[in-house]
Protein chains: 2
Amino acid sequence: MTETPTNKVSLQDKRSQAMRAKICHAAIECLDRLGYAETTFAKIQAKANVSRGAITHHFPTKQALVAATAMQLLSNAQGPVERGDTLGVLPVYDLIMTSWNRIVNSSGGRALVEILVACRTDAELYQLLEDSLLDWDQSNLALIAQSYTSTDGDREDTELLWSIARNFLRGLLLHEKFVSSPEYLTRMMDRFARMMETQLSVRPTPDLEIDQ
Amino acid sequence: MTETPTNKVSLQDKRSQAMRAKICHAAIECLDRLGYAETTFAKIQAKANVSRGAITHHFPTKQALVAATAMQLLSNAQGPVERGDTLGVLPVYDLIMTSWNRIVNSSGGRALVEILVACRTDAELYQLLEDSLLDWDQSNLALIAQSYTSTDGDREDTELLWSIARNFLRGLLLHEKFVSSPEYLTRMMDRFARMMETQLSVRPTPDLEIDQ
DNA sequence: ATAAAAACAGAACGGGCGGTCTGTAAACTG
DNA sequence: CAGTTTACAGACCGCCCGTTCTGTTTTTAT
């Protein structure tokens, strides 16, 4: 069934989704490069090369746009943790390093932090994102717990450790510009990853069913 | 001696400094409660109960005001790490807990994070604060290294560990609103503090000279 | 084919922002 | 005590922001 006769996704839906993705992509770049405050409709419009009406049509308010952008970022940030460059499960050390290099310290990761910070003081934005972020957190922890386990074998401890790692990496993002030298940041990452290695390990019996 | 003969600090200087402190204090509250973007001259003016002219007289631009606020926050955040409630040096576990409760997760700590985030994308603000923040970082690490030491006795390792702790606590601030329950946050703190306990310890020979 | 609805396009607008500018009182200087 | 400087006070302004509103084109339903 290559051709789906009863095409649920109409031509309009496709255009719509493409436009929304285009706008959100531009929003991510703006958030990363300009920060939340300077991320304005005009800037997004210019970067995405779309009209003003297109933006306001799809996103009635700025918070709605940012919330939609955040949700897209979350779904993007979900997968790559486990399947990095290699097909199998990464060693703990590499998991930390890859999370930093590919997820947190990326355009999307930095944009997400901007949004998280904005959520702290923007009640409307917070309300739009609260549920999604809690869900993401849960499923992200579950994903980790599938492939990794605390040395004491406790499921909750595994999740705690990974939560700690995530928060450390996010905090590192704020500190990055004020680190004395790039090498020092490398050493911090190395030290943290080595510390985590002593607490966390790859689950001895990997999942039998591996998708794709 | 109400009248100090060789008065280095003039009456003007006193008024000036008092006004600046008043404005910065209001700025801290605004940054904490409203975030950087919504922290505006008008809001600060209202919260501090001062005139608009007073603010613009002391701080030519918003960045200058925020930078001055940040410097005040840094000097406040420097001391309390070591001498918490007790007079002596805190155990590592308590050091972590106290740092969170009294420093990072305080009005000033949250304001500082807002400023750090703003620095990432505001070149002018970054330039004003770069040196001060690097200096603060150095002296903060030195302060810790005075009272604590890595289990392997290495000075640099001590600093790395404390840098890790600081970044974790800051990251936790971003995540705080999205934690599933307050107890979970407590458990994260406990888990992290216990992990740090295995790496860091109170220096066996405390400093002989203790100021004040 | 035709009507309705959705997807844009872009002008318009009120408000609040950061920054400037002028006026006044207090504090220093000689 | 005169004269200058500093510390405020508050009006003012241009700009840009988020939002709204009115067309125009494209898709969809009948």
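To find a chain, count down the sequence lines: A is the first, B the second, and so on, and within it residues start at 1.
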### Task
Would you classify A/Arg15 as touching base, sugar-phosphate or nothing, given that sugar-phosphate means primed atoms plus P, OP1 and OP2, and contacts are heavy atoms under 4.0 Å?
sugar-phosphate
In whole angstrom, what separates [X]'s [atom1] from [N]'s [atom2]?
X	N	atom1	atom2	answer
A/Gln63	D/dC17	CD	P	15 Å
B/Gln45	D/dC8	CD	P	14 Å
A/Asp122	D/dG18	CG	P	12 Å
B/Gln12	D/dT5	CD	P	12 Å
B/Arg52	D/dC12	CZ	C1'	11 Å
B/Ile23	D/dC8	CD1	P	8 Å
B/His58	D/dA9	NE2	C1'	12 Å
A/Lys43	D/dG18	NZ	P	9 Å

For [N], does either OP1 or OP2 sit under 4.0 Å from a side-chain N or O belonging to [X]?
X	N	value
A/Ser10	D/dT27	no
B/His57	D/dA9	no
A/Thr56	D/dT20	no

### Query
Nearest of D/dA9, D/dT20, D/dG10 to any side-chain atom of B/Ala54?
D/dA9
### Query
Can you tell which of D/dA7, D/dG10, D/dC17 lies closest to the side chain of B/Ser16?
D/dA7
#### Entry: Ring center gap for B/Phe178 and A/Tyr126 short of 6.0 angstrom
yes
## Note on the structure
Taking for A/Gly53 and for A/Ala42 the nucleotide of DNA chain D with the nearest heavy atom, the one nearer the 5' end belongs to A/Ala42
### Message
Looking at every heavy atom in both A/Thr40 and A/Lys43, which two are closest together, and how far apart are they?
### Response
CG2-CG, 2.8 Å
### Message
Just checking A/Glu130: does its CD atom have more than 12 heavy atoms from other residues, nucleotides or ligands closer to it than 6.0 angstrom?
### Response
yes
#### Entry: Where chain A begins and ends its contact with DNA chain C, read 5' to 3' at 4.0 Å from heavy atoms
C/dA6 to C/dG10
### Task
With sequence neighbours excluded, give me every salt bridge (Lys or Arg N to Asp or Glu O under 4.0 Å) pair touching residues 132-141 of chain B.
B/Asp137-B/Arg166
### Summary
Rounded to the nearest 0.5 Å, the NE2 atom of B/His58 sits from the OG atom of B/Ser16 at a distance of 4.0 Å
### Message
Here's a test for you: under side-chain contact (heavy atoms from CB on, under 4.5 Å), which of A/His175, A/Glu183, A/Lys177, A/Glu176 qualifies with A/Val179?
### Response
A/His175
### Message
Walk me through whether A/Lys62 and A/Asp122 qualify under salt bridge (Lys or Arg N to Asp or Glu O under 4.0 Å).
### Response
CA-CA 11 Å; A/Lys62 186 183 176 181; A/Asp122 189 327; over 6 Å; no
